[in-house]
Amino acid sequence: MRIQRTFLVIISLFFIILTIAVANAQTTKWYKYEAGMEEAGSTGKPMILDFYADWCSPCIAMEEGTYPDPRVVSEMEDFIAIKVDTQIRIDIESKYHIAYYPTIVFLDPKGDEITRHVGYLGPEDMVKTINESRGKLPKESPGFEATNILFVLLLTISLMFFRRKTTI
C-alpha cells in the first residue's frame with residue numbers, strides 16, 4: 001500500500017511538471033544578423049541563419065508551422081537563431097550566396113559554415129536537419145550535446161523512489 005502511494009505521488013509530480021513545462025512553453029529567440037553574430041561570439045554557440053522573403057510561401061509556412069513546433073524550439077535552444085530578410089539585407093544574402101528561399105545555413109561558433117538546407121522543412125525534417133548539423137560541430141561546442149531537464153528530473157525521482165523502496 002505504501003509503495004502504491006509513493007508511486008502515485010511520483011506520477012502526480014510527473015504530470016504537474018509536465019503541465020508546468022507545457023504552460024511555460026518557450027519560443028525561439030530570433031536575432032537580427034549583427035546582434036546574433038555578436039551573441040554567438042560572446043556565448044560560443046553555433047548559429048542557425050534563416051534566409052527568407054516576405055512573399056515566399058514556403059518561408060511563411062515554416063514561420064507558422066515549423067519554427068513554433070515544440071520539438072524544433074527544443075532543438076534550437078543550443079543555437080543562436082538569426083533571421084535574415086533577404087529583401088532588406090541583400091549584402092548578407094550575397095555574402096552567403098543565397099539563391100533560393102528558404103535557405104537555412106548552420107554556422108559553427110567561429111562563424112564557419114557547417115551545412116545548409118535549401119527549401120521547406122516541416123518540423124520532423126527540421127529536427128533531423130538540426131541534429132545532423134549538430135553532429136558536424138566541433139565536440140567542444142555548447143550546441144554539441146542537448147540536455148533534457150525533464151529526463152534528468154524523472155531519473156532523479158525514480159532513483160529516489162527505488163532508494164526509498166530498498167530501505168523500507
Side-chain angles (χ1 to χ4, degrees), residues 17-18 20-156 159:
I17 291 167
L18 190 60
I20 291 170
V22 169
N24 292 328
Q26 294 184 342
T27 60
T28 300
K29 179 177 181 178
W30 289 97
Y31 291 85
K32 293 192 178 204
Y33 184 76
E34 283 80 9
M37 296 301 277
E38 186 177 311
E39 182 71 15
S42 67
T43 61
K45 286 186 172 184
M47 295 152 272
I48 296 177
L49 279 68
D50 175 33
F51 290 89
Y52 73 97
D54 288 337
W55 50 261
C56 165
S57 58
C59 301
I60 294 167
M62 286 185 69
E63 183 67 30
E64 293 174 356
T66 301
Y67 290 124
D69 187 284
R71 298 168 292 181
V72 174
V73 171
S74 175
E75 292 298 326
M76 289 182 68
E77 286 179 356
D78 299 325
F79 293 83
I80 300 299
I82 300 172
K83 282 205 167 285
V84 180
D85 184 342
T86 58
Q87 305 306 292
I88 297 172
R89 296 305 306 262
I90 298 167
D91 57 325
I92 301 169
E93 176 187 40
S94 297
K95 177 180 178 178
Y96 290 96
H97 309 288
I98 304 302
Y100 303 100
Y101 313 117
T103 296
I104 297 124
V105 177
F106 294 86
L107 305 177
D108 69 14
K110 295 176 185 173
D112 298 325
E113 185 171 328
I114 303 166
T115 60
R116 69 173 52 203
H117 178 85
V118 178
Y120 172 81
L121 288 169
E124 288 180 28
D125 290 330
M126 184 65 176
V127 168
K128 181 180 174 187
T129 302
I130 291 169
N131 285 324
E132 288 170 356
S133 296
R134 182 181 284 120
K136 295 177 182 177
L137 287 169
K139 303 294 185 231
E140 64 275 2
S141 296
F144 179 72
E145 289 192 30
T147 58
N148 188 332
I149 294 172
L150 189 57
F151 174 75
V152 172
L153 185 60
L154 288 174
L155 182 63
T156 305
L159 290 173

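All values derive from a computational prediction rather than experimental measurement.
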(request) Go through Thr28 and Phe79 one step at a time and tell me if the side chain to side chain contact (heavy atoms under 4.5 Å, CB included) criterion holds. (result) CA-CA 10 Å; Thr28 300; Phe79 293 83; over 6 Å; no
(request) Run the numbers on Asp50 and Tyr67 for side chain to side chain contact (heavy atoms under 4.5 Å, CB included), then give the verdict. (result) CA-CA 10 Å; Asp50 175 33; Tyr67 290 124; 3.4 Å; yes
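Going from atom OH of Tyr52 over to atom CG of Asp54 covers 5.5 Å, rounded to the nearest 0.5 Å. Separation of atoms CG (Leu49) and CD1 (Ile80) is listed at 11.0 Å; rounding is to 0.5 Å. How far CD of Glu75 is from CZ of Arg71: 10.0 Å, rounded to the nearest 0.5 Å. Within the model, atoms OG1 of Thr115 and CG of Asp108 stand 10.5 Å from one another, a figure rounded to the nearest 0.5 Å. The CD1 atom of Ile48 lies 7.5 Å from the OG atom of Ser133; values are rounded to the nearest 0.5 Å. Atom CD in Glu34 sits 4.0 Å away from atom CZ in Arg89 (nearest 0.5 Å).
Looking at every heavy atom in both residues, Ile82 comes nearest to Tyr33 through CG2-CA, 3.5 Å. Contact between Val72 and Pro123 at its shortest, heavy atoms only, is CG2-O, 3.7 Å. The two residues Met62 and Pro102 have their closest heavy-atom pair at SD-CG, 3.7 Å.
Applying the ring pair (Phe, Tyr, Trp, His ring centres under 6.0 Å) test to every pair with at least one member in residues 112-136, sequence neighbours left out, gives no pairs at all. Applying the salt bridge (Lys or Arg N to Asp or Glu O under 4.0 Å) definition to pairs two or more places apart or across chains, those involving residues 111-121 are Glu113-Arg116.
Between the side chain of Lys45 and the backbone N or O of Glu39 there is no donor-acceptor pair closer than 3.5 Å.
Contact annotation: the side chain of Ile92 approaches that of Phe51 to within less than 4.5 Å [non-hydrogen atoms, C-beta and beyond]. Looking only at side-chain heavy atoms (C-beta outward), Ile130 and Met126 come within less than 4.5 Å of each other. A heavy-atom distance below 4.5 Å is found between the side chains of Arg134 and Asp78.
Shown here is Glu132, whose CD atom has more than 12 heavy atoms of other residues, nucleotides or ligands within 6.0 Å.
Between Tyr101 and Trp55, the ring-plane angle classifies as perpendicular under the 30° and 60° cut-offs.
Every residue meeting the side chain to side chain contact (heavy atoms under 4.5 Å, CB included) condition with Asp125, not counting sequence neighbours, appears here in chain and number order: Leu121.
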